[in-house]
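Below you'll find the structure, written out as structure tokens, and then a few comments.
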Amino acid sequence: MQDLRSMVAHLSGTDLAVAGHAIALAGWHQANGFCGRCGAPTVPIEAGAKRCCTKDKKHRLYPRTDPVAIMLVESVDGSKVLLGRAKTIRHASMLTCLSGFVEQVETIEEACRREVQEEAGIDVGPVHIAGSQPWPMGRGGTCELMIGCIAKATSDTLHMDESEMDDVRWVGRDQLKKAVEDSKRKDTPYQGGDSEPSEGVDFWIPPPTAIAHHLIKSWAERQTAWFSKL
């Protein structure tokens with residue numbers, strides 16, 4: 001069976017949604033063969049939409065979706081945005097938005113501020129929720145809901161968490177515009193290629209199939225800062 005990540009650029013939106021749902025549901029079934037409350041085996045019910053404990057039918061399991069805050073952070077003066085590369089990203093020239101799981105009893109805005117502070121040492125003020133994207137190919141094989149945000153930094157000095165990140169940097173609008181155009185090519189590292197980005201740019205951003213691309217593109221196409229002056 002071919003990995004879904006390698007097929008993303010070649011599937012229609014409808015086919016990708018169907019394939020993503022199938023993979024997410026199959027992964028959930030595979031990981032939930034036993035009841036988390038009593039340890040008894042579980043069986044699928046309602047055509048696989050749920051699972052039920054074989055010892056106590058009141059114990060039902062429902063497909064899991066993990067919320068992830070993914071944020072594009074605008075600099076204090078509004079001229080740059082924050083991009084980074086976690087150690088888990090396979091290609092050294094890839095940069096994307098910072099992101100992290102939303103913890104229990106935490107708002108999306110709080111998750112944005114916490115993750116940016118942890119990964120880059122940057123303080124964040126206002127957070128604008130821009131949109132969302134289901135992501136069935138999440139970390140650890142889970143299904144994630146990517147919640148896209150634009151955030152405003154209240155400090156600019158970077159203090160990168162070197163245990164988690166390989167690169168964190170401020171990037172200006174001119175470079176981002178070139179990177180957005182480059183990301184439409186079919187020979188990028190995200191598509192399995194090995195080409196070089198345009199002159200004056202030393203990184204690739206995610207392709208249009210990822211919400212990070214659209215956060216970056218939306219900011220790059222603006223003529224002014226996203227947020228008015230604080």
Side-chain angles (χ1 to χ4, degrees), residues 5 31 64-173 175-176 179 183 189-190 202-207 210-220 225-227 229-230:
R5 285 180 182 270
R64 171 178 170 174
T65 297
D66 296 332
V68 175
I70 179 167
M71 66 293 296
L72 187 70
V73 182
E74 184 178 71
S75 63
V76 173
D77 65 4
S79 67
K80 304 177 289 294
V81 291
L82 189 64
L83 298 182
R85 183 178 64 256
K87 290 185 177 295
T88 54
I89 295 180
R90 64 188 184 279
H91 200 285
S93 62
M94 293 179 180
L95 289 179
T96 187
C97 302
L98 304 188
S99 65
F101 290 105
V102 180
E103 296 184 352
Q104 291 180 321
V105 199
E106 184 177 49
T107 68
I108 297 165
E109 293 87 348
E110 288 170 341
C112 284
R113 297 184 183 106
R114 175 182 53 77
E115 285 291 341
V116 175
Q117 177 56 234
E118 289 176 357
E119 295 179 355
I122 294 295
D123 295 325
V124 166
V127 176
H128 170 223
I129 299 174
S132 61
Q133 178 188 26
W135 194 248
M137 307 162 286
R139 288 159 277 194
T142 61
C143 181
E144 299 172 358
L145 179 64
M146 310 298 292
I147 304 165
C149 304
I150 307 287
K152 182 67 174 181
T154 59
S155 65
D156 281 337
T157 303
L158 295 170
H159 299 284
M160 185 180 75
D161 179 1
E162 296 182 359
S163 68
E164 185 174 355
M165 307 296 293
D166 273 337
D167 191 3
V168 173
R169 67 174 87 165
W170 293 109
V171 181
R173 186 171 273 105
Q175 275 195 314
L176 281 187
S183 69
Y190 284 97
D202 64 348
F203 61 90
W204 297 97
I205 65 168
I211 192 171
H213 172 95
H214 296 282
L215 293 173
I216 294 169
K217 181 173 181 288
S218 294
W219 188 88
W226 191 278
F227 294 89
K229 291 185 178 180
L230 301 180

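Only this structure's heavy atoms are used, side chains among them; waters, hydrogens and symmetry mates stay out.
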Measuring from M165:CE to L158:CG, what's the distance to the nearest 0.5 Å? 10.5 Å

All heavy atoms of D166 vs all of K87, minimum pair found to be OD1-NZ, 2.8 Å

Can Q175 and F203 be said to form a side-chain contact (heavy atoms from CB on, under 4.5 Å), step by step? CA-CA 9 Å; Q175 275 195 314; F203 61 90; 4.1 Å; yes

Say whether, by atom type as modelled, one donor and one acceptor occur between the side chain of Q133 and the main chain of I211 under 3.5 angstrom. yes

To the closest 0.5 Å, what do you measure between OG1 (T65) and CH2 (W135)? 14.5 Å

Stepwise, does the side-chain contact (heavy atoms from CB on, under 4.5 Å) test hold for L72 with I216? CA-CA 7 Å; L72 187 70; I216 294 169; 3.9 Å; yes

Test your reading of the model: is there a side-chain donor-acceptor pair from D156 to the backbone of V76, 3.5 Å cut-off? yes

Is the shortest heavy-atom distance from the side chain of I129 to the side chain of I147 under 4.5 Å? yes

Look up atom CG in L95 and atom CG in L176, then write down how far apart they are to the nearest 0.5 Å. 9.5 Å

Using only atom types and a distance under 3.5 Å, with no angle test, would you say the side chain of W204 pairs donor to acceptor with the backbone of T96? no

Counting C-beta onward and ignoring hydrogens, is there a side-chain heavy-atom pair between E144 and P67 closer than 4.5 Å? no

Examine distances only and state if a side-chain atom of E74 and a backbone atom of I150 form a donor-acceptor pair shorter than 3.5 Å. no

Compare all side-chain heavy atoms of I70 with those of L98 and state whether any distance is below 4.5 angstrom. no

Which atom of W170 lies closest to which atom of S155, heavy atoms considered: CZ2-O, 4.1 Å

Between K80 (side chain) and R173 (backbone), is there a donor-acceptor pair under 3.5 Å? no

Do the side chain of R64 and the main chain of C143 share a donor and acceptor less than 3.5 angstrom apart? no

Whether the side chain of K152 engages the backbone of V127 through a donor-acceptor N/O pair (distance < 3.5 Å, no angle test) should be reported. no

How long is the gap from CZ on R113 to SG on C149, to the nearest 0.5 Å? 10.0 Å

Distance check, rounded to the nearest 0.5 Å: L82 atom CG versus E119 atom CD? 9.0 Å

Minimum heavy-atom separation for F227 to P126, with atom names? CE2-CB, 3.8 Å

Whether the side chain of E118 engages the backbone of E115 through a donor-acceptor N/O pair (distance < 3.5 Å, no angle test) should be reported. no

Using 4.0 Å as the upper bound for N to carboxylate O, is an ion pair formed by R114 and E106? yes

In short, T107 meets V102 closest at the heavy-atom pair O-CG1, 4.2 Å

Looking at CE of M71 and SG of C97, how far apart are the two atoms once the value is rounded to the nearest 0.5 Å? 8.5 Å

Distance-minimising heavy-atom pair for V168 and A120: CG1-CB, 3.7 Å

Minimum heavy-atom distance between I205 and H213, given as atom pair plus value: CD1-ND1, 4.0 Å

